[in-house]
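The block underneath contains the structure these notes are about, expressed in structure tokens.
Everything numeric in this text was worked out from a predicted model, so none of it was measured. In the text below, chain A, chain B and the rest are named by the order of the sequence lines, each starting its count at 1.
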Amino acid sequence: MVNGRFFGFMTSGSRTGSGDHGVSVLHVDMDAFFASVEVLRRPSLRGRPVLVGGAGPRGVVAAASYPARVFGVRSAMPMSTALRLCPEAVVLDGDHASYRAVSTRIMEIFRDVTPAVEPLSLDEAFLDVSSARSLLGEAEELAAGIRRRVLEQEGLHCSVGVARTKHVAKLASDAAKPRIVGRRVKPGPGVIVVTADDEADFLRPLPIRAMWGVGPKTAEKLSRLGVATIGDIADLDSDTVVACLGEGVGRHIHALANGIDDRPVEVDRPTKSISQESTFPIDLVGSDDVNAQLVSLADGVASRLRQAGLYSRTISIKVRLGSFETMTRSVTLPAATAGSREIAAVSKEMFTRLHADRDVLTAGIRLLGVAAGALTPSSSHQLTLDLAPEPPVGGVKSGMSTPSGSGSVFDVVDGALGEIDDGVDDAVDVIRSKFGDRAIGRGKSRVRPDARDQGSIETSDRP
DNA sequence: TCTGGGGTCCTAGGACCC
DNA sequence: TCTGGGGTCCTAGGACCC
Ligand SMILES: [Mg+2]
């Protein structure tokens, strides 16, 4: 796989500057991650077709074990289709919390190799090993060592691509994976190293659809140009590709096809948005149902914002009709928020306006979503709380003890917790995100007399 | 076949400012 | 006075990824 001759290929230069072969990017990708975790938890499932995903009428496959893939099942496939292909499959709802726990431990294994780890999802990461010494033998050994440790410690298989750039490393890890050949699973090599000299030979024969960033739409447009392989794209001039795909995508795809990819491995990518959405078993037709769902989605988003210590200034809703037509509406607020009541209120307003415009309830609503964008750390915000328009639900009061029992809920003015729906835990959450840890049990706050009428309070305890 | 949920990035037009 | 242009913010939609 890694033999072959380099032929006059443009490269992105010496970003890595390390190792004779310049391979310093690893892409690690767990094999059938969710399904494999489930097999670990229930060993009787080993060797059997396992599908993780929505078991409801509108579910899709999130992950399929290799024995299931033999039947032609793939992820993102509707569960109903998957079960038609493979009726004996075991279908599991999935347990995100446990996948996250496994993921955290796996990422720690990667960080033992290098601190330069960029997680892409729960089961994938890029590693920059240029400072961990990445001579060819060493990079290959690092990759093999990672696979061994992940298997020994977690009992899970992964595939690793090693290359000079993210894009090639990503495609190499794909190529390292087990494959379905006829009716059988053929184990993959597990690690594939593509040296700088071998990049062209590796990339050129691959179908355009294999590229990271080329989906069905882009592939269709390119095939109208008579393009089938990555090599075909590389041979076009960049302007031709741009004319076909637009400036952004066109330049990018043309560069990738020529092995040019300057994107660095980024360790701390800030969160850009937090969202929650839900597809209903039966389309919603009543505005009471819609409002109740929006409140619950807003609540979930708000609580995750607080947990992450973030505020949002732009709230969006997403509405998918029975016809699958999908619309979004968004508002940018005068001030950022993490309050569930405020997010719910603006979400409901946006829906009401949308319904007035488009009569969406008549079509039936298949999905609703609420998203928070334009995020900023809560520490960067003025510490104010909206006063409640009504008494707090759940009876949260100042002086009440915290869930840990270590102290009392801080000295808050009655009514200031009006945005809290869930009782003490949520209250402490809100308080912590707005006032910091010290506010719990020890902090003091007071109502600024001049702010009382504007409905805000301020702590005396600001950092 | 009948299409999840959680994300990222890009485009394009209009408003507004310089 | 007219015209052009660029930058930024906001909104809606779209493509893609796992
Ligand atoms: Mg995977």
From the list A/Leu51, A/Asp93, A/Leu92, side chain to side chain contact (heavy atoms under 4.5 Å, CB included) with A/Glu38 holds only for A/Leu92
Under a 4.0 Å heavy-atom cutoff, the residues of residues 207-231 of chain A touching DNA chain C are A/Arg209, A/Met211, A/Trp212, A/Gly213, A/Val214, A/Gly215, A/Pro216, A/Lys217, A/Thr218
Base, sugar-phosphate alone, or nothing: which one does [X] contact when heavy atoms must sit under 4.0 Å apart?
| X | result |
| --- | --- |
| A/Leu367 | sugar-phosphate |
| A/Ala63 | nothing |
| A/Met77 | nothing |
| A/Asp123 | sugar-phosphate |
| A/Pro119 | nothing |
| A/Leu120 | nothing |
| A/Ser75 | nothing |

Test A/Asp299 against A/Ser296 for side-chain hydrogen bond (donor to acceptor under 3.5 Å, both in side chains), laying out the working first. CA-CA 5 Å; A/Asp299 221 44; A/Ser296 137; over 6 Å; no
Would you indicate whether A/Arg183, at its atom CZ, is surrounded by more than 12 heavy atoms from other residues, nucleotides or ligands within a distance under 6.0 Å?
no
Here the helical stems involving DNA chain C, each at least 3 consecutive Watson-Crick or G-U pairs closer than 3.5 Å, sorted by first residue number, are B:5-18 with C:5-18
Chain A vs DNA chain C, heavy-atom contacts under 4.0 Å, first-to-last nucleotide span, 5' to 3', is C/dC10 to C/dC18
Could you tell me whether [X] and [Y] make a salt bridge, using a distance below 4.0 angstrom between a side-chain N and a carboxylate O?
| X | Y | answer |
| --- | --- | --- |
| A/Glu220 | A/Arg224 | yes |
| A/Glu118 | A/Lys166 | yes |
| A/Arg164 | A/Asp261 | no |

CZ of A/Arg41 to OG of A/Ser36, rounded to nearest 0.5 Å, is 12.5 Å
Whichever of A/Arg320 and A/Gly248 has the more 5' nearest nucleotide on DNA chain B, that residue is A/Arg320
Taking for A/Gly322 and for A/Val249 the nucleotide of DNA chain B with the nearest heavy atom, the one nearer the 5' end belongs to A/Gly322
Verify side-chain hydrogen bond (donor to acceptor under 3.5 Å, both in side chains) between A/Ser238 and A/Arg251, making sure each step is shown before the conclusion. CA-CA 6 Å; A/Ser238 148; A/Arg251 294 275 176 232; 2.5 Å; yes
Quiz item: Does a donor on one side chain sit under 3.5 Å from an acceptor on the other, for A/Ser103 and A/Asp123?
Solution: no
Comparing nearest nucleotides in DNA chain C, the 5'-proximal residue of the pair A/Thr326, A/Arg313 is A/Arg313
Got a donor-acceptor contact below 3.5 angstrom from the A/Arg58 side chain to the A/Phe280 backbone?
yes
Stacked cation flag A/Arg320 on A/Phe324, 6.0 angstrom / 45 deg: yes
Using atom C1' of each nucleotide, how far apart are C/dC16 and B/dG4 to the nearest Å?
15 Å
